[in-house]
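The sequence lines fix the lettering, A, B, ..., with proteins before strands; numbering per chain opens at 1.
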Amino acid sequence: MSRVFLVALLCLAAVLAGPLLLDTYTINILIRSFLFAAVALSVDLLWGYSGFLTFGQSAFFGVGAYAAALCFSQFGYSPWIGLLSLVAALGAAALLALVQGWLSFYHGSTPLYASVVSLVVPVVVTQILFSGGIFTGSSSGLTAYDTPDFEIEDWFRIAGVFMVLVTTVAVIFVRSDAGRVLVALRDNEARCAYLGLNTARQRILLLVVTACIAAIAGWLYAGSSGVVAPELAGFVFGTELVIWVALGGRGTLLGPVLGTILIDFTSSYASGSLPFLWKLLLGIAFILVIVALPQGLIPAVTGRLRRKRAENVVPGLAAAKPRPRPDPDQVAIYLDSVSRSFGSLKILEAISFKARPGELVSLVGPNGAGKTTLMRCLSDGAERSGGRIAINGHDIGTLPPYRCVGFGLGRKFQTANVFDTLSVAECLAVARVRLHLPSFWRRADTLELPQAALDILRATSLDQALATPAMLLSHGQKQALELAMVVALEPSVVLLDEPTAGLTQQERRQIGGVLTDLAITHGLCLLLVEHDLDFVREISSRVVVLHQGRLVLDGTVQDVIASELVRTIYAGAAHG
Amino acid sequence: MNGAAVLTLGLDIVTTAAILFTVATGLLIIFGVMKIVNFAHGAFITLGAYAGLVASELGLSPWLGLPLAFLAGAACGALVERCVVRPLYGRPLDAILATWGLGIIIGELLTLVFGREVQFVGSPLSGTVDVLGEAYSVYRLFLVVAALIVGGGFAWLLGATRLGLATRAVIMNEDLARGLGINAGWVRFITFSLGSGLAGLAGALITPLSSVDPNMGVPWLLNAFMLVMVSGASLGALLAASVLLGGAQVVISSLASPILGGLTIVVLAALLLRVRPKGFAR
């Protein structure tokens, strides 16, 4: 952390001293480059970190610039008008970002759709500016308005300090516990939702904050240059920002900032002597980077920015304060004639059962019986077609997954579902975000986990691999990690879809032990989909048999073993 | 509003829908088969427009400009598929970016050769024709015929040829198609070339209505992109989207303002997708 401050201080000294060494022309260009770099930084936060490819940050830059230019041209400049215009810039940008965010991010939206909307926003803003007549100056924009009475050197220092400060704050943020959630969103948004995080709200918040950064940059641009034009808000500028970020190295913050300054600065010299050739070269470099060097040019040359992640400090593990055992009289899972159909095809029909704390219920049935569909209905209120579901007495209605998790639910998916580029410790930390608001400026040096999660880590030796990126783990370790993440949510109801699929005999025994321990010692209610009937027999306290979307048997292990019906279903001879 | 104005409005809607359909078909077929959005589509449109310009400056028949534009687009598309698009299957967002970069390169090359200024191409069909007592541009009506030929040709290609069968198989399930011995790489190559060629053809078709300049493709790209987003991979849905959204564009342009009209398609399409993610596709 202290290194970040040291570098930031050096950069601050450089931009404060810059005007003493540079000629006016260079100063003029660098002001613009600094401001563009700040906008590129906002694109990198959105695209490089949270995985949202946006073409629309130019719209916020334009909104900020026009807020200043309009205020100054209507009312002239005074410090109060300056402040007013800045507030207007931030307010308008935040409002626009809220609208864009509401459109782009909801449960079930796709990355492509969000990018589509990000493309529409600058188009709409530019057209509004075009249609503004004399008020917005239409296609020629606004010029010759009153501007704050600063020397060009002062603007250089203001723009430079702004850029350095925003970059420093961004670097500190992405390295903090909260910043890690962005990467989790990029890697696996569905897993985030099932860890109880309101992903849409987080994405919208991030968009609002980055919109404000872009708007301030635009405001400074309008003040320092004295000229604004609709192109500043346009889609083409929006794509240029993406190009600079890609060339500088997405997901590195410093890469895009340096890349933008370098490219924009060179552009203004090169476009004088060889205007089209320069853009041509830039286009070729961009394609090469996208196809062959997705990490960007600067990291490829220096090879440094990325590797820093490897030397992450590993937090120490500690046991969290145990939660009280769930009330044994509370019905943990309650289903009343739940059904799911696609048109005339009925996947589930009239499923009703209850499960209580401390029970380990296995859900068995041949392929296509509707087991996974039932799991989905239990964890996402929008999934079922009819019937009622309650978790710990809370009716889930049509609530999205993160709300169901809020009622005490945890869900482990069939295929291991973790955050590929995060380390084991980081994956676990993300699972704790729902319970403890993470710090926005530092990394915790201890990671508190419930005893059961610690047991899982110890049993599978994952506690020796806390710094390993999740994508390098073996299949069994990934399954165990996901289970530990689910347990780290401190749920009282856990849904597990084939937790032992693809595991070795030994791993299977370990997981089985952990599961029975969760039910007996910790009083959790577990609902388990499983094909391995021996495993089911060993650990379950109760078995529910599904067949062709209907519940055909609900009883003890002995009942199921003795059942003629179950035998015929599995032998494939059941008809009528 | 009198009867004549309504008639003109109706004809405008039909011809605008035809133009939009022609411009978007190439993008749709590439998106349908390859699941990537070709952001160089606008540049291929521009390329086709310049091919038409070259043909007319060489003194060739304006009709000859159309196949020339198709060939220019298809050749360029074939090259691009081999060199740039191929490594990006499975990285759809990166493919958008790389093809956008290509669009920049093509635009700058065209600027280097032809200069920045706006140029005009004569129309192969000039004058007006009487439609129910109203004089209407012959060329705009011809574009409806052109759209029908393009749409019909594609429907025939997909529905009645071996290549079409293979293409539909790749659209539905690429892995399975590959497992059945269909050369998916070849289908993609043909698709991308055809789609690019169609963009070129569309460029040559629309230039007599507007003008030619190196950036003319961008607004067309945006509208075509939004239409394809609401149509999925279906030609029928694209037709419906072109008529409805294009119709809304014409109505709003003539009743409210052309600037609002220019926004109609992108805004309506984005809202439609928010409410109904499948858009017009069934």
B:R86, CZ: over 12 other non-hydrogen atoms inside 6.0 angstrom: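 Atom CZ in B:R86 is crowded, with more than 12 foreign heavy atoms closer than 6.0 Å.
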Minimum heavy-atom distance B:R274-A:Y113, with the two atoms named: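 Scanning both residues, the minimum pair turns out to be CB-OH, 3.2 Å.
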Nearest heavy-atom neighbours spanning B:G101 and A:I287: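 Nearest heavy atoms, B:G101 then A:I287: C-CD1, 3.7 Å.
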Rounded to the nearest 0.5 Å, how far does [atom2] of [Y] lie from [atom1] of [X]?
{"X": "A:L119", "Y": "B:F225", "atom1": "CG", "atom2": "CZ", "result": "6.0 Å"}
{"X": "A:L282", "Y": "B:I104", "atom1": "CG", "atom2": "CD1", "result": "7.5 Å"}
{"X": "B:L102", "Y": "A:I290", "atom1": "CG", "atom2": "CD1", "result": "11.0 Å"}

Residues B:L97, A:F55; criterion side-chain contact (heavy atoms from CB on, under 4.5 Å); working and verdict: CA-CA 10 Å; B:L97 293 176; A:F55 301 105; 4.0 Å; yes
Greatest number of heavy atom pairs closer than 4.5 Å to chain A - which of B:T111, B:I105, B:V266: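 Among the listed options, the one with the most contacts to chain A is B:I105.
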Top of A:V121, A:V117, A:V289, A:V291 for chain B proximity - count of heavy-atom pairs under 4.5 angstrom: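 Highest number of heavy-atom pairs under 4.5 Å: A:V291.
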Chain B interface, residue from A:T110, A:T239, A:V236 that has the most non-hydrogen pairs under 4.5 Å: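 Highest number of heavy-atom pairs under 4.5 Å: A:T239.
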Select one option (side chain, backbone, both, neither) describing which atoms of [X] are under 4.5 Å from chain B's heavy atoms.
{"X": "A:I243", "value": "side chain"}
{"X": "A:L103", "value": "both"}
{"X": "A:V242", "value": "side chain"}
{"X": "A:S131", "value": "both"}
{"X": "A:V123", "value": "both"}

Structural part of [X] lying under 4.5 Å from a heavy atom of chain A:
{"X": "B:L263", "answer": "side chain"}
{"X": "B:I96", "answer": "side chain"}
{"X": "B:V218", "answer": "side chain"}
{"X": "B:R91", "answer": "side chain"}

side-chain contact (heavy atoms from CB on, under 4.5 Å) between B:L222 and A:F235, intermediate numbers included: CA-CA 10 Å; B:L222 290 180; A:F235 149 70; 4.2 Å; yes
Worked verdict on A:L112 versus B:M229 for side-chain contact (heavy atoms from CB on, under 4.5 Å): CA-CA 9 Å; A:L112 185 59; B:M229 287 296 109; 3.9 Å; yes
Candidate pair B:L93 and A:S115, rule side-chain contact (heavy atoms from CB on, under 4.5 Å), full reasoning: CA-CA 9 Å; B:L93 291 182; A:S115 293; 4.1 Å; yes
